[in-house]
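Residue indices begin at 1 and follow the sequence shown. Every heavy atom of this structure was used, including side-chain atoms; hydrogens, water molecules and symmetry mates were not.
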Amino acid sequence: MKVTAVIMAGGRGERFWPKSRNDFPKQFLSLTSDGETMIQKTINRLAPLVATEDIFIVTNESYVPIIHQQLPDIPKENILAEPVAKNTAPCIALAAAVINKKYEDAVMMVLPSDHLIKYEEMYLDTMRHAIKVAKKDDNLVTIGITPTYPETGYGYINFFSNDDEMPGVYKVKKFVEKPCLETAKEYLNSGKYLWNSGMFVWKVSSIMKNFEMHLPAMYEGFLKMKESAGNADFTAVLEKCFNEFESVSIDFGIMEKAENIYTLSGSFGWDDVGSWLALERINKTDECGNYVTGDVITINTRNNVICGGKKLIAAVGLEDLIVVDTDDAILICSKDNTQDVKKVIENLRICNRREFV
C-alpha cells in the first residue's frame with residue numbers, strides 16, 4: 001500500500017514573535033545552526049519513508065509561494081491551500097480527499113511542519129512501526145512522546161497496558177487536556193501517560209470512516225472535494241466546503257471519540273519548538289548558559305536567549321531573559337513569561353498596529 005505524508009503548515013507561530021509574522025511564520029524560519037528551515041527539516045527527514053511525489057502540504061494560500069521557494073521538489077499540485085483556517089480536522093479531510101482521489105486508499109502520516117527530531121533513525125523506526133500498525137484493520141495510530149518532566153504546556157495520552165498481539169503498541173484510554181503542575185507530576189509518576197505530539201498515522205479509509213461517524217457534515221464535504229479534485233471547479237468547491245465546515249481539531253472531533261486508537265511511545269529527541277525557550281534546548285549555549293546569535297556582547301550575563309539583528313546588542317548583568325531584535329521590533333521577555341508573547345500580538349491587533357503582526 002502506498003505511504004503518503006501530509007504536512008500541516010498553516011500555523012502562525014505567534015509565540016515566536018517578532019521573528020515569526022503572519023506573512024512569514026515559524027515553520028519557514030531557520031532556528032538551528034545548520035541553516036535549514038523548520039519545514040525543510042520536516043520534509044528531509046521523511047526521505048527514507050515516502051517519495052517526494054507522495055508528500056502533500058496543507059497550508060494558507062498566502063504561504064504557497066514561500067513553500068515553492070523553500071521546497072522546489074514538491075509537486076505544485078501537492079501544495080493544498082486552505083481558503084480559510086478551520087483547525088486540523090478540515091485540513092486532514094482536504095488532504096484525505098486529494099489522496100483518496102489519486103490512490104483510492106493509502107497510509108497517511110499526518111505531521112506538523114515545525115517540530116524538531118534529534119535522533120532521526122529512532123524516529124524513522126517508530127514511524128515504520130506505526131505504519132505497520134495502521135495497515136492492520138482500521139487502526140488509528142498516534143505517536144506519543146515519553147515525558148521527561150511534568151510539562152504543563154502539552155496535552156497527554158493516557159494508555160492501557162502493552163498490546164500482547166502488537167509489542168510496543170498501547171491501546172489509548174483517553175486524551176487529556178493540558179494539566180496543572182500537580183496533575184502533570186502525577187501523570188509523570190504513573191508511567192501511564194505520554195505527551196501528545198500531534199503526529200498521526202492511519203489509512204485514508206480508516207480515518208474517513210470516523211469522519212462519517214463523528215463529523216458527518218465534514219465527511220459530506222470530503223466526498224465533494226474528492227469528486228472535484230484535479231478538476232477545474234476544485235477551487236470553488238474547496239472554498240464552499242471550507243466556508244461550511246466547523247472549526248474543530250482532529251483531537252476533539254475524532255480522536256477523543258473513536259475506537260481502535262493505538263499509541264506508540266517515541267523517545268527520539270522530539271521538541272515542538274513551542275517558544276523562544278526551545279532555542280537553548282536545541283542549540284549549543286556558551287559557558288555562561290547563553291544562546292546568542294548576531295552581533296552581541298555579553299558581560300556578566302547568564303542563561304539568556306539573545307537573537308541579534310543588524311544592530312549591536314550589549315547585554316550587561318542580564319539573567320534569564322529572552323531578547324530578540326528585528327528591523328522593526330524588539331522583544332524583551334523574562335523566561336517565565338514566554339507563553340505570554342502571544343498577548344503582545346493580541347494587543348497589537350486591538351491597537352490596530354497590524355504592520356507589526
Side-chain angles (χ1 to χ4, degrees), residues 1-10 39 42-61 63-65 67-68 70-84 86 88-113 127-128 130-141 199-213 215-242 244-245 250 253-254:
M1 180 177 286
K2 182 70 72 172
V3 175
T4 66
V6 175
I7 311 301
M8 298 180 290
I39 195 168
T42 300
I43 298 300
N44 290 342
R45 77 172 67 101
L46 289 172
L49 293 179
V50 58
T52 303
E53 62 266 24
D54 293 324
I55 296 175
F56 299 81
I57 300 174
V58 186
T59 190
N60 183 299
E61 280 188 32
Y63 301 156
V64 171
I67 293 173
H68 285 318
Q70 293 197 359
L71 301 168
D73 293 335
I74 300 295
K76 291 184 177 181
E77 64 271 19
N78 287 16
I79 301 174
L80 309 176
E82 297 175 298
V84 60
K86 286 287 185 82
T88 52
C91 163
I92 289 167
L94 166 57
V98 173
I99 293 169
N100 196 213
K101 180 70 171 284
K102 186 174 182 178
Y103 292 126
E104 187 172 344
D105 202 7
V107 173
M108 288 174 63
M109 295 184 288
V110 180
L111 307 167
S113 60
M127 298 307 293
R128 290 186 184 101
I131 290 167
K132 183 178 179 181
V133 176
K135 287 180 177 179
K136 184 177 180 181
D137 302 323
D138 289 325
N139 295 336
L140 306 182
V141 183
M199 294 186 278
F200 307 100
V201 186
W202 45 53
K203 297 196 298 282
V204 173
S205 56
S206 302
I207 192 61
M208 294 325 299
K209 286 178 183 177
N210 280 279
F211 267 89
E212 185 175 17
M213 184 180 304
L215 293 172
M218 203 170 293
Y219 177 74
E220 291 301 315
F222 156 80
L223 294 176
K224 294 174 183 177
M225 291 187 294
K226 174 189 172 183
E227 183 178 355
S228 66
N231 298 336
D233 67 341
F234 182 59
T235 300
V237 171
L238 188 61
E239 185 170 348
K240 186 175 188 301
C241 287
F242 264 72
E244 294 172 352
F245 287 159
I250 196 68
I254 300 290

Applying side chain to side chain donor-acceptor pair (under 3.5 Å), name anything that partners [X], two or more places apart in sequence or on another chain.
X	result
Asp233	none
Lys102	none
Glu244	Lys240

Mark yes or no for whether [X], through its side chain, and [Y], through its backbone, hold a donor-acceptor pair below 3.5 Å.
X	Y	answer
Thr4	Ile55	no
Ser113	Met8	yes
Lys2	Ala106	no
Asn139	Lys136	yes

Subject >> side chain to side chain contact (heavy atoms under 4.5 Å, CB included) between Cys91 and Glu82, intermediate numbers included >> reply: CA-CA 7 Å; Cys91 163; Glu82 297 175 298; 3.4 Å; yes
Subject >> Audit row: His68, Leu71, side chain to side chain contact (heavy atoms under 4.5 Å, CB included) steps and yes/no >> reply: CA-CA 5 Å; His68 285 318; Leu71 301 168; over 6 Å; no
Which value, rounded to the nearest 0.5 Å, describes the distance between [X] atom [atom1] and [Y] atom [atom2]?
X	Y	atom1	atom2	answer
Ile67	Ile39	CD1	CD1	4.5 Å
Ile254	Met213	CD1	CE	9.0 Å
Ile57	Leu111	CD1	CG	11.0 Å
Phe234	Lys101	CZ	NZ	9.0 Å
Glu61	Leu80	CD	CG	11.5 Å

For residues [X] and [Y], report the shortest heavy-atom separation together with the two atoms involved.
X	Y	value
Ile131	Val3	CD1-CG1, 3.9 Å
Leu46	Thr42	CG-O, 3.4 Å
Thr88	Ile250	OG1-N, 2.8 Å
Val58	Ala95	CG2-CB, 4.0 Å

Original post:
Got more than 12 heavy atoms from elsewhere within 6.0 Å of NZ, Lys132?
Top reply: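 No, not enclosed.
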**OP:** Quickly, which of Ile7, Val6, Leu49 forms a side-chain contact (heavy atoms from CB on, under 4.5 Å) with Met109? Name it, please.
**Re:**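 So the option named by the test is Leu49.
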Report all side-chain donor-acceptor pairs from residues 199-209 shorter than 3.5 Å, counting only partners two or more places apart or in another chain.
from	atom 1	to	atom 2	distance (Å)
Lys203	NZ	Ala134	O	3.4
Lys203	NZ	Lys135	O	3.4
Lys203	NZ	Asp137	O	2.2
Ser205	OG	Asp105	OD1	3.4
Ser205	OG	Asp105	OD2	2.8
Lys209	NZ	Asp138	OD1	3.3
Lys209	NZ	Asp138	OD2	3.0

Which side-chain N or O atoms in residues 215-227 pair as donor and acceptor under 3.5 Å with protein atoms at least two apart or in another chain?
from	atom 1	to	atom 2	distance (Å)
Lys226	NZ	Asn100	OD1	3.1

Original post:
Who passes ring pair (Phe, Tyr, Trp, His ring centres under 6.0 Å) against Phe211, sequence neighbours left out?
Top reply: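 In terms of ring pair (Phe, Tyr, Trp, His ring centres under 6.0 Å), with neighbours along the sequence ignored, Phe211 is linked to no residue.
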Original post:
Side chains of Leu94 and Phe242: does their closest heavy-atom pair fall under 4.5 Å?
Top reply: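 A side-chain contact exists here, since the closest heavy-atom pair is under 4.5 Å.
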